[in-house]
Amino acid sequence: MSIIRQWFESLHEALDDLIIRFPNAAGEERSRMQEQWNTLKSLSDDIVESWLQFEDKLAVFRELDQQGEIAQEPELLLGPFQKGQGYFKLHMFVQAADQLEETVRHYPDMLAARLYLAMSRMHLKEWAEAQRHFRLIAALADEPKLQAIAFNALGCIQAVFAHFDQAQQFFRKAIEADPSFADPRRNLECCRKGGGELQLQFGSAELQAMV
């Protein structure tokens, strides 16, 4: 930078000298000073043209950088989520949970990813963690289907711990949110009958059909 400044300072000095001396110059001296001015003007035009080309290249780089950021965003969003969905469909719930945890860490508001994560935790019998996610989804979701899946899952968790009254309340909420959802009706009937091993429907098929 110092070399460039020194070079421009020398150009300024040369032009200042012309400006001071030119009004009183005559004959050959005046002609020589006009040639010097033409040389400085030509040099200035070259500098401006080169600088504009340099600015254009800076703009190209900035545009490429912004495109790169946009391109990385879907990859961050869809990569781990799609892998998590794939592992979930293969019933590889440990691997699914790992991928979906990463998705939720980057995108905590992405309820579809949180729903798959909660369902994976439930299949792994990590009831407390699954319950935490399902409660959050039930509170935040605007879509009735998402709410219904969350309420049904919360009912299943209560039923696992033999809290049948609470379980039935959640199953009714699920039916109310989405009357077409069959799993909470079956689970409600299962709780009413009682006795024997519970055959609970977690809602995994409904989840995969929806997202």
Side-chain angles (χ1 to χ4, degrees), residues 60-161 163 166-167 169-188 190 198-211:
V60 169
F61 179 85
R62 185 167 57 249
E63 186 175 343
L64 289 171
D65 186 41
Q66 290 172 346
Q67 288 176 353
E69 289 178 0
I70 293 170
Q72 287 174 10
E73 196 74 6
E75 184 179 346
L76 275 175
L77 174 65
L78 296 176
F81 178 56
Q82 289 178 336
K83 287 180 183 177
Q85 276 186 305
Y87 283 129
F88 186 90
K89 290 174 182 176
L90 294 172
H91 290 196
M92 299 169 67
F93 299 118
V94 173
Q95 293 84 349
D98 288 344
Q99 294 295 325
L100 294 163
E101 283 284 5
E102 183 179 346
T103 307
V104 169
R105 186 165 54 252
H106 286 291
Y107 302 96
D109 296 334
M110 188 177 176
L111 293 185
R114 191 177 292 277
L115 197 55
Y116 268 99
L117 174 59
M119 199 65 79
S120 298
R121 295 298 182 200
M122 195 150 86
H123 281 286
L124 293 170
K125 298 184 178 180
E126 296 172 354
W127 308 114
E129 189 64 8
Q131 182 173 255
R132 183 176 71 83
H133 288 297
F134 280 125
R135 284 189 181 279
L136 196 59
I137 294 163
L140 297 178
D142 293 324
E143 192 173 340
K145 181 70 75 178
L146 286 177
Q147 286 185 329
I149 292 174
F151 284 135
N152 179 67
L154 288 168
C156 290
I157 293 171
Q158 293 299 319
V160 166
F161 292 100
H163 301 154
Q166 293 94 325
Q169 290 177 14
F170 279 121
F171 292 141
R172 291 192 187 95
K173 285 185 177 181
I175 295 168
E176 184 180 347
D178 181 10
S180 67
F181 189 13
D183 286 1
R185 294 183 185 281
R186 297 192 186 100
N187 291 332
L188 185 60
C190 184
L198 292 172
Q199 299 294 324
L200 297 170
Q201 305 296 318
F202 288 174
S204 295
E206 193 79 6
L207 170 61
Q208 293 181 71
M210 187 185 70
V211 184

Let me confirm one number: the CG-NZ distance from D98 to K83, rounded to the nearest 0.5 Å.
11.5 Å
A113 and T103 have their tightest heavy-atom pair at CB-CG2, 3.7 Å
Answer whether the closest heavy-atom distance between the side chains of L154 and K173 falls below 4.5 Å.
no
The side-chain contact (heavy atoms from CB on, under 4.5 Å) partners of E176 (sequence neighbours excluded) come to none
Report yes or no: does R114 contribute a side-chain atom to a donor-acceptor pair with the main-chain N or O of P108 at less than 3.5 Å?
yes
How would you list, by chain and number, every residue that makes a side-chain contact (heavy atoms from CB on, under 4.5 Å) with A141, sequence neighbours excluded?
L111, I137, L146, Q147
Find the distance between CD (Q99) and CZ (F88) and round it off to the nearest 0.5 Å.
14.5 Å
How many angstroms lie between atom CD of Q85 and atom OG of S120, to the nearest 0.5 angstrom?
10.5 Å
Residues in side-chain contact (heavy atoms from CB on, under 4.5 Å) with L188, at least two apart?
Q168, F171, R172, I175, R192
Partner residues of F181 under the ring-ring contact (aromatic ring centres under 6.0 Å, His included) criterion, sequence neighbours left out:
none
Under the salt bridge (Lys or Arg N to Asp or Glu O under 4.0 Å) test, which residues partner R121, sequence neighbours left out?
E101, E126
Quick one: does any side-chain atom of N152 pair with a main-chain N or O of Q201 as donor and acceptor, under 3.5 Å?
yes
With sequence neighbours left out, the residues meeting side chain to side chain donor-acceptor pair (under 3.5 Å) with Q169 are none
Tell me, with the steps shown, if F134 and I157 meet side-chain contact (heavy atoms from CB on, under 4.5 Å).
CA-CA 10 Å; F134 280 125; I157 293 171; 4.3 Å; yes
So which heavy atom on A159 is nearest to which on A167, and how close?
N-CB, 3.7 Å
Partners passing side chain to side chain donor-acceptor pair (under 3.5 Å) against R135 (at least two apart in sequence or in another chain):
none
Classify the angle between the aromatic ring planes of Y116 and F81 as parallel (below 30°), tilted (30 to 60°) or perpendicular (above 60°).
perpendicular
Are F161 and W127 close enough that some pair of their side-chain heavy atoms sits under 4.5 Å apart?
yes
Kindly give the heavy-atom pair with the smallest separation between P144 and A177, and that separation in Å.
CB-O, 3.2 Å
At what distance, to the nearest 0.5 angstrom, does CG of N187 lie from SG of C156?
4.5 Å
Taking the side chain as everything from C-beta on, heavy atoms only, tell me whether P179 gets closer than 4.5 Å to R185.
yes
For E129, which residues count as a side chain to side chain donor-acceptor pair (under 3.5 Å) partner, sequence neighbours excluded?
R132, H133
With a 4.5 Å cut-off on side-chain heavy atoms, are Q158 and Q131 touching?
yes
First locate atom CG of L117, then atom CD of E102, and finally report the distance between them rounded to the nearest 0.5 Å.
12.0 Å
